[in-house]
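Residue numbers start from 1 in every chain, and the chains themselves are labelled A, B, ... in the order their sequence lines are given, proteins ahead of strands.
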Protein chains: 2
Amino acid sequence: MAVVRDREATKAKLLEAALAEFAKHGIAGARVDRIAAKAGCNKAMIYAYFGSKEDLFDEVLRIQIARVVEAVPITPDDLPGYAGRLFDVYQQQPELLSLAGYHRLENGFEAISKAEGDAHTEKVAAVAEAQRSGVLPQDFDAEELLALVVHMSILAFSTPVATRELVVRAVARLLS
Amino acid sequence: MAVVRDREATKAKLLEAALAEFAKHGIAGARVDRIAAKAGCNKAMIYAYFGSKEDLFDEVLRIQIARVVEAVPITPDDLPGYAGRLFDVYQQQPELLSLAGYHRLENGFEAISKAEGDAHTEKVAAVAEAQRSGVLPQDFDAEELLALVVHMSILAFSTPVATRELVVRAVARLLS
DNA sequence: GCGTGTCAACCAACTAGTTGGTTAGACTGT
DNA sequence: ACAGTCTAACCAACTAGTTGGTTGACACGC
């Protein structure tokens, strides 16, 4: 098999391997040797392309968050559906939930990526607007309401009995 | 200063130091040397008393879970209050939330301690009984309802805007 | 002296990160 | 088309430091 020298392809392979490794073992538990082996290239490539193990993690997380933010736009007039779609994404890509979980545990709330922060601000504004126009109940603060909905969407993180229907029904009940 | 030779006291110090270390860094990120140093004793003690790093983690988690299970008995006729009390415990001892989070991420749902499992079964039964007697709505399965309540109690895991009042109100809304 | 608790010193295995040198493939002038 | 040149992707082998875990000697109370 001919050796392919393709910067972007190699970076993509490393990112894919890193996603699996970090999701399974967290930052501290991940091994750069395993990532390189799985990507089928040398460990030095990680340092050439990403700088360090932590930088690689940050990049992987950034990409995954961006993917979700893009794939699941908020629908303030249908928050149960929004939670359901988030739930779907987490079911299809459980790595994201693990990744975010490890990131939260190892870095706390402070180290939230800018992309996520901006998207969050926009979503709070959208919820607040929907509250003003009467589509959503006003007895929860916009930020709190969004937090509740998002938290419900990660129900699968805390229990194996989580189902999409349960999440949707629970959010609907919160809004009643 | 005289050296104190007290098996139980040393074990307790190690457990306390291990709790802090594991909560902060997880299993993979925790360092036995740091645990021993913080406990003010040699790391050989960890292996004499607990066998291995993982065994020590298991013991720490077991103790913390038992503490919560005992400190916060379920009150099926007041699930908002139950969630609130769980929230309080997690606020007072954030280590438990981290510990459980790491355990869940690194071992999945399979490796749940027997103590937790038994307590859970009892709680589901208590919720089901309350549903039969009409104290709780019956449109959620007992297991699902308990999962929702417990999940709400760990709201602080997913958002910094979590407050006790928010958790209590959200659970109350779920039951309406 | 004896059993128990303690620890400094130790080790083999492993870790993230580096380096010197190699080579595929694109570009060049002819 | 084609030999010569250069750039950048690539990696085996290495370094320096860290890791979980062990052990033999010592300290203490009886």
Side-chain angles (χ1 to χ4, degrees), chain A residues 1-63 99 102-103 105-107 111, chain B residues 1-62 98-99 102-103 105-107 111:
Chain A
M1 172 178 158
V3 177
V4 198
R5 282 168 182 250
D6 184 329
R7 185 186 173 92
E8 294 310 314
T10 301
K11 284 177 76 169
K13 274 189 181 180
L14 279 171
L15 285 169
E16 188 188 334
L19 172 60
E21 178 75 9
F22 283 128
K24 198 179 262 178
H25 301 103
I27 304 177
R31 297 291 168 252
V32 288
D33 289 280
R34 280 201 296 254
I35 294 174
K38 184 159 189 177
C41 70
N42 192 274
K43 186 165 62 142
M45 299 288 85
I46 290 174
Y47 297 93
Y49 293 147
F50 301 100
S52 72
K53 184 188 180 184
E54 284 224 342
D55 289 342
L56 176 59
F57 179 89
D58 291 346
E59 181 66 6
V60 169
L61 182 63
R62 197 190 58 76
I63 291 174
L99 221 59
Y102 277 119
H103 184 252
L105 283 171
E106 302 193 12
N107 303 309
Chain B
M1 171 179 155
V3 176
V4 191
R5 283 169 181 259
D6 184 329
R7 184 185 174 90
E8 293 310 313
T10 301
K11 285 177 75 169
K13 274 190 180 178
L14 279 172
L15 285 169
E16 188 187 333
L19 172 61
E21 177 74 9
F22 283 128
K24 198 179 259 178
H25 301 102
I27 304 177
R31 296 293 169 250
V32 289
D33 288 281
R34 279 200 296 254
I35 294 174
K38 184 159 189 178
C41 68
N42 194 273
K43 71 174 165 165
M45 299 289 84
I46 290 173
Y47 298 93
Y49 293 149
F50 301 101
S52 73
K53 185 187 181 184
E54 283 226 342
D55 288 343
L56 176 58
F57 179 89
D58 291 345
E59 182 66 6
V60 170
L61 182 64
R62 194 188 61 73
S98 300
L99 220 61
Y102 277 118
H103 183 253
L105 283 171
E106 302 193 13
N107 303 307

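For the atom pair CG of L14(B) and CG of L19(B), the computed distance is 12.5 Å after rounding to the nearest 0.5 Å. Interatomic distance, OH of Y102(B) versus CG of L61(B), reported as 14.0 Å (0.5 Å rounding).
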- Query: What does nucleotides 15-20 of chain C look like as a protein-contact string, B for base, S for sugar-phosphate only, - for none, at under 4.0 angstrom between heavy atoms?
  - Reply: SBBBB-
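Using a 4.5 Å heavy-atom cutoff, the side chains of I63(A) and E59(A) are in contact. With a 4.5 Å cut-off on side-chain heavy atoms, D58(A) and F50(A) do not count as touching.
Residue L14(B) contributes atom CG, which lies 13 Å from atom P of dG5(C) at whole-angstrom precision. Summarising the geometry, the separation between NZ on K11(B) and P on dT6(C) is reported as 12 Å, rounded to the nearest angstrom. The CG atom of D6(A) sits 9 Å away from the P atom of dA9(D) (whole-angstrom rounding). Look at CZ on F50(B): it is 18 Å from C1' on dT22(D), rounded to the nearest Å.
Among residues at least two apart or in separate chains, there is no side-chain hydrogen bond (donor to acceptor under 3.5 Å, both in side chains) pair with a member in residues 36-49 of chain A.
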Detail all sub-3.5 Å separations between protein N/O atoms and N/O atoms belonging to nucleotides 6-8 of chain D.
none

Show the atom names and distances, to 0.1 Å, of all donor-acceptor pairs under 3.5 Å that link a side chain in residues 21-29 of chain A to residues at least two apart or in another chain.
from, atom 1, to, atom 2, distance (Å)
E21(A), OE1, R34(A), NE, 3.2
E21(A), OE2, H25(A), ND1, 3.3
E21(A), OE2, R31(A), N, 3.0
E21(A), OE2, R34(A), NE, 2.7
E21(A), OE2, R34(A), NH2, 2.8
H25(A), ND1, E21(A), O, 3.4

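Under the side chain to side chain donor-acceptor pair (under 3.5 Å) criterion, D33(A) pairs with no residue at all, not counting sequence neighbours. Annotation: side chain to side chain donor-acceptor pair (under 3.5 Å) contacts of D55(B) (sequence neighbours excluded): S52(B).
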